[in-house]
Student: 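Sending over a structure as C-alpha cells; questions will come in a sec.
Both counts, for ligands and for their atoms, begin at 1 and track the order of listing. Heavy atoms only: backbone and side chains are in, while hydrogens, waters and symmetry mates are out.
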Amino acid sequence: MRYLSAGESHGPELTAIIEGMPANFTVNLDEINFQLSRRQKGHGRGGRMKIEKDQALVTSGIRFNRTTGAPICLKVINRDWVNWEDKMAHFGEPLENIELVSRPRPGHADLSGGIKYQQRDLRNILERASARETTIRVAVGGLARQILEQFGIKIYSHVLQIGSVKEENPVRPFEAKDTAEWANKVEESPVRSYNSNTEKRMMDEIDKIKAEGDSVGGIIEIIITGAPVGLGSYVHWEHKLDSKLATAVMSVQAIKAVEFGLGFKVGERPGSQVHDAIYHSEEAGFYRNTNHAGGIEGGMTNGEPIIIRAAMKPIPTLYKPLESVDIETKQAFEASIERSDACAVPAAAVVVENAVAWELANCFLDKFSGDSVEEIKQQVAAYQDLIDNY
Ligand code: EPS
C-alpha cells in the first residue's frame, strides 16, 4: 500500500489517498474517529483544539463498511478555515493589509524552509510543516490498525517522561494484571500515564512550565503485541522492520530520537546482558524470558512484543520566544505572542501509534499479500501451520 497526503494547517481540509488496500476488509468509521479524538486530548494542548473536533470523511474505496480494493480517499475538515479563508485563499491577489510572516521561530521549519523554497511569507512554510498534518496520518493509521486488529495485532502507548518527571517503574500492558484495565487507565489519564502518582507530577510539571511561558517535551513508549514472527526481513537494507518503523516514528513532527528495546543501553552492557536467551516448550514453541531486543532481531519480528521509545522536543512556538532575526529587516525582534501548546507529548504518543500502525500493516500485507481479505486469511493460516511445525 502507499498513500499521499495534502493539506495546510489553516486550509479547508486535510486529505489522504490510500492505494493498494485489499478488498473486503471490514472498516469502522467510528474507530477512525476514535483515533482522531484521542489525538486531540492531553493536558497542555492550546486553544486550537477547542476549535477543531476532527471527524473523518470517506469519499471513495469503501462501500457498506467494506473496502472494495479501489483507492480510498479520506478527508478531515479544518473548522478553523472559516477564520482563514481570506488569508489562505488559493487564488486571487492577497489582501492589501495581509500580514506576512517574516519572523522565523527557532526550532521550526520556518527559516530553512523559507530559504529552500524561496518564500518571503513564511506562512507558506509553517502551514504545511505544522503538526496539524498529523491529523490525516492518524486517520490513515486508524484504518491500517483495523487490518492489524483483525489478525490479533494490537498497538498501545504510554508516556514515560515529561520534562524532569520520569516514570521510574513503567508497567507495560502485557505485564499488567489486566491489559484492558491498563489500556482504560492510560486512555483516561490526561498525560497517558498508568501510574496516578506520576500522572499528578507530570501535570504539575506542564502547569509550571506553561506558567513560565515555556514548553516541555518528553518520552513516549509504543508497545505492539500479537505480531507474528517474520515481519520485515534481513535480506536487504530497505526491508528491515526496525528501520521502517524508525522512519515512521522520526517523520512525526518534533520527534528527535527513537530506540527499540534496550535502545541506547545496548552500548553500556556486555553481550550476555543484552541478548535474549531462546527456549522451547511444546505448548509455547520458541520463546524468550527477556525482551531486550524489543521484539525485533535481524530486522524481523521475533514473536515478542515490539517496544519502541521516542523522544519529543518541546514545542518551539514559545510565549517567551528565543532570539531570532526578521528575514526582511535582518534585525533581531522582540517577543511576539502566538497561540501554542505547552505540551503535546500525550498527543504525539497517539500520532506515533498510528504512524507505526500504517508501516506495520504494510509489512504485514507484504508478507501476506493478496487482493482480498479471503486470500490474506488463507496465507496467515498456512503460515501459522509452518510456525507450529518448525
Ligand atoms: C501547530 C500550532 C498550533 C497547534 C497545531 C500545530 O496550531 P495553531 O497555529 O492553529 O494554533 O494547535 O496543532 C493542531 C492544529 C493539531 O491539530 O494538532 C504547529 O505549529 O505545528
Student: Could you see which bit of Gln40 sits under 4.0 Å from ligand 1, with heavy atoms only: side chain, backbone, both or neither?
Tutor: neither
Student: Give the contacting part of Asp341 toward ligand 1: side chain, backbone, both or neither, where contact means a heavy-atom distance below 4.0 Å.
Tutor: side chain
Student: From atom 13 (O) of ligand 1, work out which of Glu133, Arg45, Arg39, Arg48 has a heavy atom at the shortest distance.
Tutor: Arg45
Student: In terms of relative ring orientation, are Trp84 and His10 parallel, tilted or perpendicular, with 30° and 60° separating the classes?
Tutor: parallel
Student: Below 3.5 Å, N or O to N or O, backbone or side chain included: is there any such pair between Asp80 and ligand 1?
Tutor: no
Student: Is the distance between the ring centroids of Tyr383 and Phe368 under 6.0 Å?
Tutor: yes
Student: Side chain or backbone of Gln253 under 4.0 Å from ligand 1, or both, or neither, by non-hydrogen atoms?
Tutor: neither
Student: Which heavy atom in Ser5 sits nearest to a heavy atom in Arg128, and how many Å separate them?
Tutor: OG-NH2, 3.0 Å
Student: Under the criterion ring-ring contact (aromatic ring centres under 6.0 Å, His included), I'd like the reasoning laid out for Phe286 against His280: C-alpha separation, chi angles, the key distance, then a yes or no.
Tutor: CA-CA 4 Å; Phe286 294 99; His280 184 269; 4.7 Å; yes
Student: With heavy atoms under 4.0 Å as the rule, classify the contact between Glu52 and ligand 1 as side chain, backbone, both or neither.
Tutor: neither
Student: Can you find an N or O of Arg132 that's nearer than 3.5 Å to an N or O of ligand 1?
Tutor: yes
Student: Carefully, step by step, assess Tyr3 and Ile17 under the rule side-chain contact (heavy atoms from CB on, under 4.5 Å).
Tutor: CA-CA 5 Å; Tyr3 84 92; Ile17 298 179; over 6 Å; no
